[in-house]
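Starting from 1, each residue takes its place in the sequence as its number.
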Amino acid sequence: MQARSGDLISDDPSSRLSELGIVLPAPPAPLGAYVESSDTGNLLFLSGTLPVVNGKLAIAGRLGANLSVKEGQEAARIASLNALAAAKQHRGDLDRLKKLVKLTVLIATTEQFADHAAVADGASDLFVQIFGRETGHVRLVYGVQSLPIGAPVIVDTVFEIEVPPYSISKPQH
């Protein structure tokens, strides 16, 4: 249950998703010779995720040409849900994500398009709902000429993850 936008009662991401009535999609599959996720230390890096639903691009086009800001926001939201699905697949449990550290949103735009921040809010707003406003995240947003398979956005994320404590065992003789 939500008191105000970004102020949630539950402490863990999976409960927050349930409160919001959100079911994560199947995790995305790589489109090339790479993996979807890689962790080191307490950071989880995800490959850029697209607004794909059931293996098909849900929204295609370019902002400022044939897509509105609202459609761009929805594409960013869908791509963010795919990022969460990939993180869950990698970690085995979404609740092992502590927070979103960095969000980068690439947007396919015309030269005249200037509402990049508004489109990226489709991703940021979802992450605030899930992780809370107090955790915050840094963000980089920029427009590009084109993106893979005609996607209007790519969402690139870095999460802080809970690292299990190391166990020190005695050498056996």
Distance, nearest 0.5 Å, that separates CG of Leu67 from CD1 of Ile107: 11.0 Å
Quick one: does Pro152's side chain get under 4.5 Å of Leu147's, heavy atoms only? no
Between Leu100 and Val158, what is the shortest heavy-atom contact and its length? CD1-O, 3.5 Å
Least distance between heavy atoms, Phe113 atom then Gly64 atom: CD1-N, 3.7 Å
Specify whether Phe127 and His137 have parallel, tilted or perpendicular ring planes, treating 30° as the upper limit for parallel and 60° as the lower limit for perpendicular. perpendicular
Do Pro27 and Lys88 come close enough that some side-chain heavy atom pair is under 4.5 Å? no
Is the backbone of His116 close enough, under 3.5 Å, to the side chain of Thr109 for a donor and an acceptor to pair up by distance? no
Side-chain (Thr49) to main-chain (Ala79) donor-acceptor, under 3.5 angstrom: yes
Hydrophobic cluster membership, Ile154 vs Val105, 4.5 Å side-chain cutoff: no
Is any side-chain heavy atom of Phe159 less than 4.5 Å from a side-chain heavy atom of Asp39? no
Is there a side-chain contact between Ile78 and Val53 in this structure, where contact means two heavy atoms from C-beta onward sitting under 4.5 Å apart? yes
Let me confirm one number: the CG-CG distance from Leu46 to Asp156, rounded to the nearest 0.5 Å. 8.0 Å
Do Val138 and Leu103 come close enough that some side-chain heavy atom pair is under 4.5 Å? no
Indicate, with yes or no, if Leu140 and Val128 share a hydrophobic cluster defined by side-chain heavy-atom contacts under 4.5 Å among Ile, Leu, Val, Met, Phe, Trp and Tyr. no
Is there a donor-acceptor contact under 3.5 Å from the side chain of Asn82 to the main chain of Val52? yes
Give a yes or no answer on whether the side chain of Asp95 reaches the backbone of Ser14 with a donor-acceptor pair at less than 3.5 Å. yes
Within the 4.5 Å heavy-atom criterion, are Leu24 and Leu17 side-chain neighbours or not? yes
Answer yes if the side chains of Thr104 and Arg139 hold a donor-acceptor pair under 3.5 Å, and no otherwise. no
At their closest point, which heavy atom of Gly61 faces which heavy atom of Ala108, and how far apart are they? O-CB, 4.1 Å
Can you give me the closest heavy-atom contact between Ala85 and Pro25, atom names plus distance? CB-O, 3.3 Å
Might you point out which heavy atoms bring Gly132 and Thr135 nearest each other, and give the distance in Å? O-OG1, 3.1 Å
Quick check: is Ile59 connected to Val153 through a chain of hydrophobic side chains (ILVMFWY, heavy atoms under 4.5 Å apart)? yes
From NE2 (His90) to CD1 (Ile161), nearest 0.5 Å: 6.5 Å
Answer yes if the side chains of Ser124 and Asp121 hold a donor-acceptor pair under 3.5 Å, and no otherwise. no
CZ of Arg96 to CG of Leu44, rounded to nearest 0.5 Å, is 10.5 Å
Out of curiosity, Gln89 CD to Leu94 CG, how far, rounded to the nearest 0.5 Å? 12.5 Å
Value rounded to 0.5 Å, distance of CD in Glu162 from CG in Asp93: 8.5 Å
Leu84 and Leu97, any side-chain heavy atoms less than 4.5 Å apart: yes
Tell me, do Leu63 and Ser68 make a side-chain contact under 4.5 Å, heavy atoms counted? no
If hydrophobic clusters are built by linking Ile, Leu, Val, Met, Phe, Trp and Tyr wherever their side-chain heavy atoms come under 4.5 Å apart, do Ile149 and Val155 end up in the same one? no
With a 4.5 Å cut-off on side-chain heavy-atom distances among I, L, V, M, F, W and Y, is there a chain of contacts connecting Val101 to Leu126? no
Give the minimum heavy-atom separation between Arg16 and Gln129, together with the two atoms involved. CD-O, 3.9 Å
If only atom types and distance count, is the side chain of Asp115 paired as donor or acceptor with the main-chain N or O of Ala118 below 3.5 Å? no
Dump the intermediate steps for side-chain contact (heavy atoms from CB on, under 4.5 Å) on Glu74 and Val119, then the final yes or no. CA-CA 8 Å; Glu74 181 60 17; Val119 171; over 6 Å; no
